[in-house]
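Only one structure is covered here, and it is reproduced in the block below.
Residue numbers run from 1 in the order of the sequence given. Fair warning: this is a prediction, and the values are worked out from it, not measured in the lab.
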Amino acid sequence: MDHILKKYCPRIEFDSYEDFRDNFRITVPSDFNFGYDVVDEWAHHDPHKQALVWCDDHDHEQTFTFADISSLSNKMAQAFSAMGISKGDVVLCILRRRWEYWVTATALCKIGAIIIPATLQLTKKDIAYRCNAAQVKAIVAVNDDYVITQVEQALPESPTVCNTIIVDGNREGWMSFSELLETYPDTWERPTGDAATTASDTMLIYFTSGTTGNPKAVRHNFAHPLGHIITAKYWQQVQEDRLHMSVTDSGWAKFGWGKIYGQWISGATIFAYDMDKFIPTKLLQKIQDYKITTFCAPPTMYRFMLQEDVASYDLSSVANFATAGEPLNAEVTLAWERLTGKKIREGFGQTEGPVLLATFPWIEPRPGSMGKPSPLLNVKLLDDEGNEVPSGEEGAICVTGLKEAYPPGLFVGYYGDEEKTKEAVGGDYYNLHDMAWRDSDGYCFFVGRDDDVIKCSGYRIGPFEVESALVEHPAVVECAVTAAPDPIRGKVVKATIVLARGYEPSEELTKELQTHVKKTTAPYKYPRIVEYVDELPKTVGGKIKRKLIRTNDGVVD
């Protein structure tokens, strides 16, 4: 039917990547609001249309139509309004993968309030920092002992917080989410006048992982969901009325990429598995049992699933596998194709925007490549002077042409920080500070963060290439390549490695891995230092803390 897509995209079908790149357009109405113009519109157009299938590890399962989400979000809009939450107020949500997140996010959209999604791994300090940085007025949190304890300890240091709401339970001093749903009516009128939202109003704030200092508050406006049409329809290739699964917690931008905005605009049904802990076999079982049609997960999850007997699961229902979050090593996609018959389509982006580069439907996946630039975003690889680099040379990934046409989906600045906003998006292009190179066919290949590139004996070594060589070896599950100090060379390549089951650290294995890298890539790139660890240090978002490894080794950035 593509009922809603056609309202915002003059053309939906394209003959080639070039046709898509040159002719795809998104029309952004000045008053676009996801709650009314997507959720309520689907509910009105097709009340029985399935929106969400939710389950957990405790045999609970619930299914929601768009009419259900519309009705429940109206109730919560009434509840928030009764608390004094209105347009422009900020609400922090720590909800894991609970179905209540979709209801809450939709309700806050309808009010015009700003949502801050947050992970359940935040500490008291993290919560207080966010509450004060954004003047948070209410907190909605899942009934988890750790989460509730951290919130309660943060409250005395968070004077703007007036209300706390608990999901899936009751607690003294907290309002019950389920009781609020029972209390308020399911009617809600779309605000008019000053209370109404515009596409340029702030809808959403993501706090970055904060690997270098305090997290930045990334600000997205109400046009943001429309930018994710590219993410969902053309990279993840979601299908209307079919189940799409993206594996991510609601506290991260990947949730916005894969579990709500573009998927619902495209009419897909979201499958949400609220897992207690990532267990590869359980995830494979869910894909098989629910006959998922499109699937997206971080590369690390694919790597750990490949440690299991993938071939014993029936994954034939999946029409498209996708990945993002970290670069995908070529060996992983080759192994996955051998076992499932399907390649993994990589996408690349940041918290600050929708998918920026991807392996779109008309592009044959090329192992090790993150694909080609998305339409509308004018992604180019630039040198330090802002000039586009030729094929084969490294450049910084940049979203260009911001003064000509600001693309929907791209962040509009940092909340409460005009100086950083001006520095990031105040000119003609936004520099992601990620390095890549482009081959003669237009495929782009990730090199690393600009501050992760290793300079050794006059050579520039991208860590991702060395990591990709290492994970081709069956002994390596995952690794991080960084610089380590050396009295002669200044810096040398170091590999910090997590071994696969059945392998133990040894000098023989180290020499074998070093020889393997020399044969796989340029010999000078091999790791002169190899360290074995049980796990890599990561941010709460799951990204490897290479800076921490470098600092521990005595390398000053």
Phe445: what forms a ring pair (Phe, Tyr, Trp, His ring centres under 6.0 Å) with it, not counting sequence neighbours? Trp437
Partner set under side-chain contact (heavy atoms from CB on, under 4.5 Å) for Pro463, not counting sequence neighbours: Asp452, Glu467, Val481
For Pro280, which residues count as a side-chain contact (heavy atoms from CB on, under 4.5 Å) partner, sequence neighbours excluded? Phe278, Phe304, Met305, Glu308
Does Asp37 pair with Lys7 as a salt bridge, N-O distance under 4.0 Å? no
Restricting to ring pair (Phe, Tyr, Trp, His ring centres under 6.0 Å), what partner residues turn up for His220, sequence neighbours left out? Tyr206, His224
Show your reasoning for whether side chain to side chain contact (heavy atoms under 4.5 Å, CB included) applies to Ile127 and Ile94. CA-CA 10 Å; Ile127 294 167; Ile94 311 175; 4.2 Å; yes
Distance-only polar pair, side chains of Thr197 and Asn33, donor-acceptor under 3.5 Å: yes
Student check: side-chain heavy atoms of Ile116 and Val136 closer than 4.5 Å: yes
Ignoring hydrogens and angles, tell me if any N or O in the side chain of Ser158 forms a donor-acceptor pair with the backbone of Val161 under 3.5 Å. no
I'd like to know if the side chain of His244 reaches the main chain of Ile270, judged simply by a donor and an acceptor atom lying under 3.5 Å from each other, with no hydrogens or angles considered. no
When you check the gap from the basic side-chain N to the acidic O, do Glu393 and Arg438 get nearer than 4.0 Å? no
How about CZ on Arg21, more than 12 heavy atoms from neighbouring residues, nucleotides or ligands closer than 6.0 Å, or not? yes
Salt bridge present between Lys342 and Glu337 (N-O < 4.0 angstrom): no
Is there a side-chain contact between Val498 and Leu536 (heavy atoms, below 4.5 Å)? yes
Is it the case that Thr198 and Ser200 place a side-chain donor and acceptor less than 3.5 Å from each other? yes
So that I know where these two stand, are Phe360 and Trp235 an aromatic pair - ring centroids less than 6.0 Å apart? no
Give the intermediate values and the outcome of side chain to side chain contact (heavy atoms under 4.5 Å, CB included) for residues Ile397 and Phe348. CA-CA 11 Å; Ile397 303 171; Phe348 170 85; 3.6 Å; yes
Does the ring center of Phe222 lie less than 6.0 Å from the ring center of Phe34? no
State which residues pass side-chain contact (heavy atoms from CB on, under 4.5 Å) with Ser250; sequence neighbours excluded, sorted by chain then number. Leu95, Tyr101, Phe255
Establish, from distance only, whether the side-chain atoms of Thr521 and Glu465 form a donor-acceptor pair under 3.5 Å. yes
Nearest 0.5 Å, what's the CG-CG distance between Leu204 and Asn221? 9.5 Å
Kindly indicate whether a cation-pi arrangement holds for Lys286 with Phe271, taking the cut-offs as under 6.0 Å to the six-membered ring centre and within 45° of the axis. no
Answer yes or no: is there a donor N or O on one side and an acceptor on the other, between the side chain of Arg98 and the main chain of Asp274, under 3.5 Å? no
Donor-acceptor pair, Ser391 side chain versus Ser440 backbone, under 3.5 Å? no
Interatomic distance, CG@Asp22 vs OG@Ser16, rounded to 0.5 Å, equals 8.0 Å
Taking atom NZ as the centre, does Lys380 end up with more than 12 heavy-atom neighbours from other residues, nucleotides or ligands that are less than 6.0 angstrom away? no
side-chain hydrogen bond (donor to acceptor under 3.5 Å, both in side chains) partners of residues 102-113, not counting sequence neighbours, each pair once: Asp40-Lys110, Ser73-Lys110, Asn74-Lys110
Are there more than 12 heavy atoms of other residues, nucleotides or ligands under 6.0 Å from atom CG of Asp384? no
Passes side chain to side chain contact (heavy atoms under 4.5 Å, CB included), Ile12 versus Lys233? Steps please. CA-CA 9 Å; Ile12 297 173; Lys233 176 71 175 176; 3.8 Å; yes
What pairs with Tyr273 under ring pair (Phe, Tyr, Trp, His ring centres under 6.0 Å), at least two apart in sequence or on another chain? none
One should read off an interatomic distance between Lys259 NZ and Cys296 SG, to the nearest 0.5 angstrom, of 10.5 Å
Quick one: closest heavy-atom pair of Gln236 and Ser246, and the distance? NE2-OG, 3.6 Å
Say whether, by atom type as modelled, one donor and one acceptor occur between the side chain of Arg25 and the main chain of Cys9 under 3.5 angstrom. no
Report yes if the side chains of Val218 and Gln350 come closer than 4.5 Å at any heavy-atom pair, otherwise no. no
Report the residues that fulfil side chain to side chain donor-acceptor pair (under 3.5 Å) with Tyr36, sequence neighbours left out, ordered by chain and then residue number. Trp188
What distance separates Ser369 OG from Asp439 CG, expressed to the nearest 0.5 Å? 7.0 Å
Hey, can you pull the donor-acceptor pairs under 3.5 Å for the side chains in residues 410-420, sequence neighbours left out?
from	atom 1	to	atom 2	distance (Å)
Tyr414	OH	Glu352	OE2	3.4
Asp417	OD1	Glu419	N	3.4
Asp417	OD1	Lys420	N	3.0

For the side chain of Thr293 and the backbone of Arg242, is there at least one donor-acceptor N/O pair under 3.5 Å apart? no
Are Lys403 and Asp428 close enough for a salt bridge, meaning some N to O gap below 4.0 Å? no
Got a donor-acceptor contact below 3.5 angstrom from the Arg550 side chain to the Ala483 backbone? no
Side-chain touch Ile497/Val533, heavy atoms, less than 4.5 angstrom: no
In the structure I gave you, are the side-chain heavy atoms of Leu52 and Trp99 within less than 4.5 Å of one another anywhere? yes
Only counting residues at least two apart or in another chain, list the ones meeting ring pair (Phe, Tyr, Trp, His ring centres under 6.0 Å) with Trp336. Tyr302, Phe321
Is any side-chain heavy atom of Pro365 closer than 4.5 Å to a side-chain heavy atom of Ile344? no
Could you grab the distance from atom CD1 of Ile549 to atom NZ of Lys494, nearest 0.5 Å is fine? 6.5 Å
Pair Asp441 + Arg366, salt bridge at N-O below 4.0 Å: yes
Thr123 and Asp126: side-chain donor and acceptor closer than 3.5 Å? yes
Can you sort out the partners of Thr202 under side chain to side chain donor-acceptor pair (under 3.5 Å), two or more places apart, ordered by chain and number? Arg219
Main-chain N/O of Trp257 paired with Gln263 side-chain donor or acceptor, under 3.5 Å: yes
Tell me, please, which residues at least two apart from Val28 pass side-chain contact (heavy atoms from CB on, under 4.5 Å). Ile26, Ala199, Ala223, Leu226, Pro408
Just by modelled atom types, is the Val355 backbone N or O under 3.5 Å from a matching donor or acceptor in the Thr231 side chain? yes
Point-to-point distance, once rounded to the nearest 0.5 Å, from OH of Tyr430 to CG of Leu432: 4.5 Å
Evaluate the side chain to side chain contact (heavy atoms under 4.5 Å, CB included) criterion for residues Ile230 and Leu376: first the C-alpha distance (whole Å), next the side-chain angles of each, then the deciding distance (0.1 Å), finally the verdict. CA-CA 10 Å; Ile230 302 172; Leu376 303 182; 4.2 Å; yes
